[in-house]
There are 2 protein chains.
Amino acid sequence: MAATSRSTESKSAKTIERVYKYVQKYIHENALSPSVRDICAGAGLKSTSSVHAYLRKLDEMGLIEYRPGMRRAIILKNTEGSEAPSESIPADVVRLTCLGKITAGVPIYAHEDESESFYINKSIIGSNDCFLLKVKGTSMINAHILDGDYLIIRKQDSCDEGDIIAALIGDEATVKRYGYLNGQPYLFPENELYSPIPFNTAECKVLGKVVGLHRYSIS
Amino acid sequence: MAATSRSTESKSAKTIERVYKYVQKYIHENALSPSVRDICAGAGLKSTSSVHAYLRKLDEMGLIEYRPGMRRAIILKNTEGSEAPSESIPADVVRLTCLGKITAGVPIYAHEDESESFYINKSIIGSNDCFLLKVKGTSMINAHILDGDYLIIRKQDSCDEGDIIAALIGDEATVKRYGYLNGQPYLFPENELYSPIPFNTAECKVLGKVVGLHRYSIS
DNA sequence: CTCCTTTCAGAACAAAAGTTTGACACATCG
DNA sequence: CGATGTGTCAAACTTTTGTTCTGAAAGGAG
């Protein structure tokens with residue numbers, strides 16, 4: 001009985017470490033768990049039963065998770081570089097930063113505030129080439145775009161009739177609806193208090209189309 | 001012939017995306033690849049051969065790696081190298097999932113849809129005990145809340161006059177403005193076509209206050 | 001040297017999971 | 001209307017892989 005504890009710690013320790021190392025290596029390299037027979041070859045053992053015993057021991061030691069019956073189901077339970085960190089941003093989520101404020105009469109500022117950035121699913125906005133602008137003013141109130149809203153703008157050079165777009169008029173940025181009046185292109189505010197602005201290509205430039213809106217001041 | 005390209009993209013696209021999503025989800029959750037039969041159950045297919053075909057297609061599309069014969073050997077071949085998308089969610093960002101649709105006359109569904117969840121900064125909404133509801137109907141159009149908008153609701157039992165809240169009337173959920181009429185509490189729609197609803201504590205229950213709004217259908 | 005314990009090997013077994021086949025439903029096209 | 005193709009399903013079939021069993025080699029202890 002006294003000899004039991006000594007031998008289990010001494011002789012097998014080497015092999016068990018080799019097995020563990022190999023499992024680590026395999027998962028690291030192949031991003032999938034090795035089979036028992038893989039480990040046989042990799043750790044220099046010729047018997048599946050031996051490997052089986054070691055895997056069980058490693059499970060008891062808490063180093064791996066070895067679910068009975070499941071194929072290639074070893075997962076490393078280490079604190080280190082495991083394959084599934086608690087939570088990370090899915091690949092289809094993109095972070096947008098607010099570039100500045102947009103209105104009739106205010107130019108775009110380079111991002112003034114770190115805290116004004118949001119995470120948005122790519123699939124929702126259809127592209128990851130987007131940016132954020134904060135609305136100043138009420139010129140689009142009839143389109144239900146309010147002062148303080150954040151607009152998600154998908155970058156594009158042109159637009160269709162009826163699109164709500166962000167545009168540069170001279171060096172001022174605004175959000176308006178694009179349309180035609182008497183065959184001429186105009187930028188229409190959605191507020192009776194403002195007048196349509198002729199869209200002439202010399203001074204005007206389409207920044208992008210409004211594809212989303214975030215509002216955090218509800219009243 | 002002309003229709004070929006369309007049909008191959010349309011009908012199977014839904015299912016293949018469902019399969020892909022499930023594989024992603026499974027691997028994320030369990031850190032090991034699902035079996036074909038797992039995917040059957042998870043993606044609503046009843047035949048292993050269908051799944052098999054989809055997996056092959058996904059392999060061809062370069063989205064996954066599917067080695068023939070190997071058990072549980074699907075690995076995601078994401079655009080960004082491996083499993084770790086370098087960037088992780090900052091501590092002050094919380095993920096909200098859409099619980100269902102809210103309107104005059106429709107109960108809350110608890111449908112879990114991957115695509116309908118957003119990441120939002122805690123600091124913006126002031127709390128992490130929030131949830132998401134999708135607006136159905138136009139009863140709050142004068143408050144610039146439209147059909148299809150996603151509302152961020154901060155859970156709370158009571159509210160102040162003037163707050164826009166999500167409330168349960170009987171077993172129907174709606175969003176309305178809370179206020180008083182002749183000393184009695186009412187839920188006010190913001191649309192002339194609807195009438196205020198008396199708020200009696202026997203049938204009505206405050207779910208929470210609307211603190212944010214996301215809109216992805218701009219028109 | 002014999003007994004005992006530990007460890008490994010080889011084989012056999014059982015179950016899980018990948019693969020294939022054929023059939024049916026449905027739509028599209030000529 | 002029939003021909004073709006696609007998507008799905010059900011049921012086999014095959015392979016891989018986890019598990020167990022028995023026995024043999026190795027090394028100490030008495």
Side-chain angles (χ1 to χ4, degrees), chain A residues 1-20 22-23 26-27 30-61 63-76, chain B residues 1-23 26-27 30-61 64-76:
Chain A
M1 301 300 182
T4 313
S5 63
R6 199 177 64 233
S7 62
T8 39
E9 300 279 347
S10 65
K11 179 111 194 217
S12 68
K14 265 188 185 173
T15 338
I16 203 172
E17 194 183 327
R18 216 167 57 239
V19 169
Y20 182 54
Y22 182 74
V23 171
Y26 192 103
I27 291 184
N30 302 304
L32 68 91
S33 166
S35 72
V36 172
R37 284 165 181 84
D38 285 334
I39 303 173
C40 267
L45 291 170
K46 286 175 188 167
S47 167
T48 56
S49 62
S50 308
V51 174
H52 193 254
Y54 282 122
L55 289 178
R56 237 190 228 162
K57 211 170 274 182
L58 281 169
D59 189 4
E60 281 172 22
M61 293 163 70
L63 289 174
I64 65 170
E65 201 172 318
Y66 184 54
R67 304 225 217 37
M70 280 212 165
R71 273 75 180 150
R72 293 186 182 272
I74 301 171
I75 52 187
L76 299 173
Chain B
M1 298 309 175
T4 312
S5 64
R6 201 179 60 231
S7 66
T8 41
E9 302 276 348
S10 66
K11 181 107 194 231
S12 68
K14 262 190 188 172
T15 337
I16 203 172
E17 193 184 325
R18 217 167 56 238
V19 169
Y20 182 54
K21 281 269 172 70
Y22 182 74
V23 171
Y26 192 102
I27 292 184
N30 303 308
L32 70 92
S33 165
S35 70
V36 173
R37 284 166 181 82
D38 283 336
I39 303 173
C40 266
L45 292 170
K46 285 176 189 167
S47 169
T48 55
S49 64
S50 307
V51 174
H52 193 254
Y54 281 121
L55 290 178
R56 236 188 228 161
K57 209 171 277 180
L58 281 170
D59 190 3
E60 280 172 22
M61 292 164 70
I64 65 170
E65 202 172 317
Y66 185 54
R67 303 220 212 49
M70 281 212 165
R71 271 75 179 151
R72 293 185 182 273
I74 301 170
I75 54 187
L76 298 173

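Values below: all heavy atoms of this structure, side chains included; hydrogens, waters and symmetry mates excluded. Order of the sequence lines sets the chain letters (A, B, ...), proteins ahead of strands, with each chain counted from 1.
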>> At under 4.0 Å between heavy atoms, how does the protein contact nucleotides 9-16 of chain C? Give one character per nucleotide, 5' to 3', with B, S or -.
In response: BBBB--BB
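- Listed pair A/Tyr66 / D/dT19 meets the phosphate criterion, a side-chain N or O lying under 4.0 Å from OP1 or OP2.
- Contact of the A/Leu76 side chain with the A/Tyr20 side chain is registered, since non-hydrogen atoms from C-beta on lie closer than 4.5 Å.
- With rounding to the nearest 0.5 Å, the separation of CZ in A/Arg72 from CD1 in A/Ile27 is 10.5 Å.
- For C/dC8, one of the phosphate oxygens OP1 or OP2 lies less than 4.0 angstrom from a side-chain nitrogen or oxygen of A/Tyr54.
- In this structure a side-chain-to-backbone donor-acceptor pair under 3.5 Å is missing from B/Asp59 to B/Arg56.
- In this view, B/Ser49 and B/Ser47 satisfy the side-chain contact (heavy atoms from CB on, under 4.5 Å) rule, not counting sequence neighbours.
- Note on the helix from C/dC1-D/dG30 to C/dG30-D/dC1: angle between the axes of the first and last five pairs equals 10°, rounded to 10 degrees.
- Straight-line distance from the CZ atom of B/Arg56 to the P atom of C/dG18: 13 Å, rounded to whole Å.
- The side-chain contact (heavy atoms from CB on, under 4.5 Å) check on B/Tyr22 picks up B/Tyr26, B/Ile39, with sequence neighbours excluded.
- Close to C/dT19, at under 4.0 Å from its OP1 or OP2, lies a side-chain N or O of B/His52.
- Atom CD1 of A/Ile16 and atom P of C/dT7 are 10 Å apart (whole Å).
- Taking the side chain to side chain donor-acceptor pair (under 3.5 Å) definition, one finds that B/Ser33 meets it with nothing, sequence neighbours left out.
- At a threshold of 4.5 Å between non-hydrogen side-chain atoms, the residues B/Leu58 and B/Tyr66 do not count as touching.
- Here D/dT16 presents its P atom at 15 Å from CZ of B/Arg67, a figure rounded to the nearest Å.
- In this structure, the side-chain contact (heavy atoms from CB on, under 4.5 Å) partners of A/Ala73, at least two apart in sequence or on a different chain, are A/Arg67, A/Met70, B/Leu32.
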